[in-house]
2 protein chains.
Amino acid sequence: MDKTLNVGLLGLGVVGGGVVEVLARQQEKIQRETGAKIQITKCLVRVGEDKSQIAQKYGFQLVTDINEIMIDSTIDVVVELIGKVHPAKDFITQALNSKKHVVTANKDLIAQHGVELNECAATNQVSLFYEASVAGGIPILRTITNNYLADDITNVLGIVNGTTNYMLTKMLEEGLSYDEALSKAQALGFAESDPTNDVDGIDAAYKMVILSQFAYGMDVSMDDLTIEGIRQVTPDDVFFAQKAGYKIKLIGRSKYVNGAIEVSVGPCFVANAHPLASIKNEFNGVYIESTGIHRSMFYGPGAGALPTATSVVSDLVAIANNCQKNLPAPLFNNYHRKTQLLDDTHSIDCYYMDIQTTHLEKIKEKLSGYTICNQHATTDAYQVILEKIAKDQLKELVNQLTEDAKMIRVMKVIENN
Amino acid sequence: MDKTLNVGLLGLGVVGGGVVEVLARQQEKIQRETGAKIQITKCLVRVGEDKSQIAQKYGFQLVTDINEIMIDSTIDVVVELIGKVHPAKDFITQALNSKKHVVTANKDLIAQHGVELNECAATNQVSLFYEASVAGGIPILRTITNNYLADDITNVLGIVNGTTNYMLTKMLEEGLSYDEALSKAQALGFAESDPTNDVDGIDAAYKMVILSQFAYGMDVSMDDLTIEGIRQVTPDDVFFAQKAGYKIKLIGRSKYVNGAIEVSVGPCFVANAHPLASIKNEFNGVYIESTGIHRSMFYGPGAGALPTATSVVSDLVAIANNCQKNLPAPLFNNYHRKTQLLDDTHSIDCYYMDIQTTHLEKIKEKLSGYTICNQHATTDAYQVILEKIAKDQLKELVNQLTEDAKMIRVMKVIENN
């Protein structure tokens, strides 16, 4: 017999509206394929928010008190789309404790409190799914869970923030400055009025924390990450990168070396031949190196109402499938290992270094063996690409150079190996 | 309690050896995550084939008589890696009828007899999985099944043959002719001594038949496809494409318009900004347009021992997961709709046309409104790009031009919309 899955939706903004639309459009197909009917019965909105038209059209009830959803025993799943940590965390905890499954797109919350919330879901024997929290429309989390168990992932490189990828694309293709690119992104709705979380790499870092859990079964906290944004990226960097055969991208990286991982976010030089270099504008891509498949990449929209809503509805379909078959509620991610962080001695990378100095001869001495470029012959900025070097050695080198430099900036270089 | 899944392997060639290696390497992880142990107990080899070393190392028995696997009631799954239709089809049918699950990488077989074999699996309540049959290491089939049920796919574009993509990459980047590129591919083991299936598009067509079943739930037969290979692609085509902002790629396409689909394989002009244009050498990519996610792409190795073996083992893991939970054996693809083929009036595309003529004025008359190029001013070959035109109209136009042309060749143009 067909089962009906009643959904309580928290938040009816851009993505919430998308979920309503996608569910309405796909309801028949979902019911045909899974044998379950998924329907929104109640939706939490803010006091004074008028959403009566959409509620009437799609036949659900608007509520302004969260308890009307929590104590409603007919509601099987809560979809949380209000974002941020508070009060979302309380709402989700309450829903799980009320034995309701939860679907969320909330990366801030999952990155910071996912361990606790997953434990709460397990205790209550309900599911907590969050496919939409990473790379919006790209079905990356479920794909890692379903398809990489027979493989060992050794590196995850992600362009997981659409705003900054759009800005860097415009800086390269239209020669815009950082500020011009930001204004353009804001005008088009790709960046918020306060772009901090995007441009400072925080948003990408949340996603890398979640990706690391799925790829390696290891829980890292935001404090374990080195996070750098794109505010310091100049048109000169972009220009030098281009001349040297690279594109600058904000890359989230989660690298595995001998049982330990290192997770970081920062602007990187990405070799033109690398698949990530061709990901433009607001698109996202997650590139995976592994011992079996070797190299794979998943590309798609990182945000947007319909793509994100489609991921949310995919989670609902997975829950419906389980309920229809009367299966125990699965965890989203079963993979768990002891978390081990990589130390600086074993973290080996190539780097780009931009040095401002009036003591060129001394710098040259300390960088003997390297080719030092002076991209703009009229300035005292010098560029050098360092071959593989351990992070502790790099730090020491930067220390040595600091005496003779006005400024040193460093970015990782990602070759197409 | 942990369940043991005994595997009978048919074929111990390149991919078979890879499966043995991947299973050995991942056995512990698979057992920890699924609670099931997967082990190869018997392997079918040809009479006279000496594989005793590998059999001894990994602890399985070699047999030369298929019945030793079929009548062995301790074997739960048969992995078929001998390829081609005969005798693989009989072996798989026999295994399914013996209530054994089957995993295969055999695209020829599944494309031509998949419907019948899936019915046989359903009747016997066992699973028939074939993730490795399309795009080797890219987990595309299970991803479509798991993640696109909440979406509607409208177009699948695939670079699904590594050999031809390698050849076309070399023709572009190194200015090689078709013959030179083929020799190079053969020397490197990317092309077989008889490359017919690859260069004539047959291999890609098999994969597009399977992708169409997953994307639209529709069964098309090879006769329903328009199939063209790359034998006719000249360095001049590659050169003109490049000047016009395109790359020539062998594209498998499965397009959905108003309830009907059109599946084809042929060399296409792909706009440089399109994600498929950046897929180089032996790599594969499957690009999906849909109403929800809009644009997504899955990239990875289309062949190779370990990537393909990893997909095979992923199928084994899925079977192990089901057995461990005592679930009914699922079909690989549940999506079924009535097959409807698109007619020529509703098949609208852009095209590139290469016309050899000594009656330029007459051609110009018939193509008034179009820009006609003469890439090599010294030859009588003219190039034109046609804006959107229905297939029946195109055929009529080609008919009209034929009177005044020595030769006309046509390729689809894929823009980055």
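Just so you know, these numbers use all the heavy atoms, side chains as well, and skip hydrogens, waters and symmetry mates. Residue numbers start from 1 in every chain, and the chains themselves are labelled A, B, ... in the order their sequence lines are given, proteins ahead of strands.
- For A:P275, the part lying under 4.5 angstrom from a heavy atom of chain B is the side chain only.
- Put simply, of A:L306, A:V312, A:I293, the one with the most heavy-atom pairs under 4.5 Å next to chain B is A:I293.
- For the set B:I279, B:V22, B:I30, B:T291, the count of heavy-atom pairs under 4.5 angstrom toward chain A peaks at B:T291.
- Ranked by heavy-atom pairs under 4.5 Å with chain B, the list A:P301, A:G136, A:S278, A:S290 is led by A:P301.
- Atom CD of A:E28 is surrounded by 12 or fewer heavy atoms from other residues, nucleotides or ligands within 6.0 Å.
- Between B:M297 and A:F283 the shortest side-chain heavy-atom distance does not fall below 4.5 Å.
- At least one donor-acceptor pair under 3.5 Å links the side chain of B:S314 to the backbone N or O of A:N147.
- The candidate with the highest count of non-hydrogen atom pairs below 4.5 Å against chain A, out of B:D151, B:N284, B:N146, is B:D151.
- Shown here for B:P139 and A:T143, the closest heavy-atom pair between the two residues is CG-CG2, 4.1 Å.
- To the nearest 0.5 Å, atoms CZ (B:F298) and OH (A:Y299) are separated by 12.0 Å.
- Contact count versus chain A (heavy atoms, under 4.5 Å) is highest, among B:G137, B:G217, B:G292, for B:G292.
- Using a cutoff of 4.0 Å between basic side-chain nitrogens and carboxylate oxygens, A:D152 and B:K29 are scored as salt-bridged.
- Listed here is the closest heavy atom pair of A:A150 and B:V313: CB-CG1, 3.5 Å.
- B:H294 is not listed as a side-chain neighbour of A:T310, based on a closest heavy-atom distance of 4.5 Å or more.
- Interface remark: B:R142 contributes side-chain atoms only to the contact with chain A (heavy atom separation under 4.5 Å).
- Rounding to the nearest 0.5 Å places NE2 of A:H336 at 11.5 Å from CZ of B:R32.
- Residue A:Q125 places its CD atom among 12 or fewer non-hydrogen atoms of other residues, nucleotides or ligands, all under 6.0 Å distant.
- Counting heavy-atom pairs closer than 4.5 Å to chain B, the top residue among A:K280, A:K325, A:R25 is A:R25.
- Counting heavy atoms from C-beta on, the side chains of A:L327 and B:L327 come closer than 4.5 Å.
- Nearest heavy atom pair, residue A:Q26 against residue B:L149, reads NE2-O, 3.6 Å.
- Taken from OG in B:S296 to CD1 in A:I140, the straight-line distance is 11.5 Å, to the nearest 0.5 Å.
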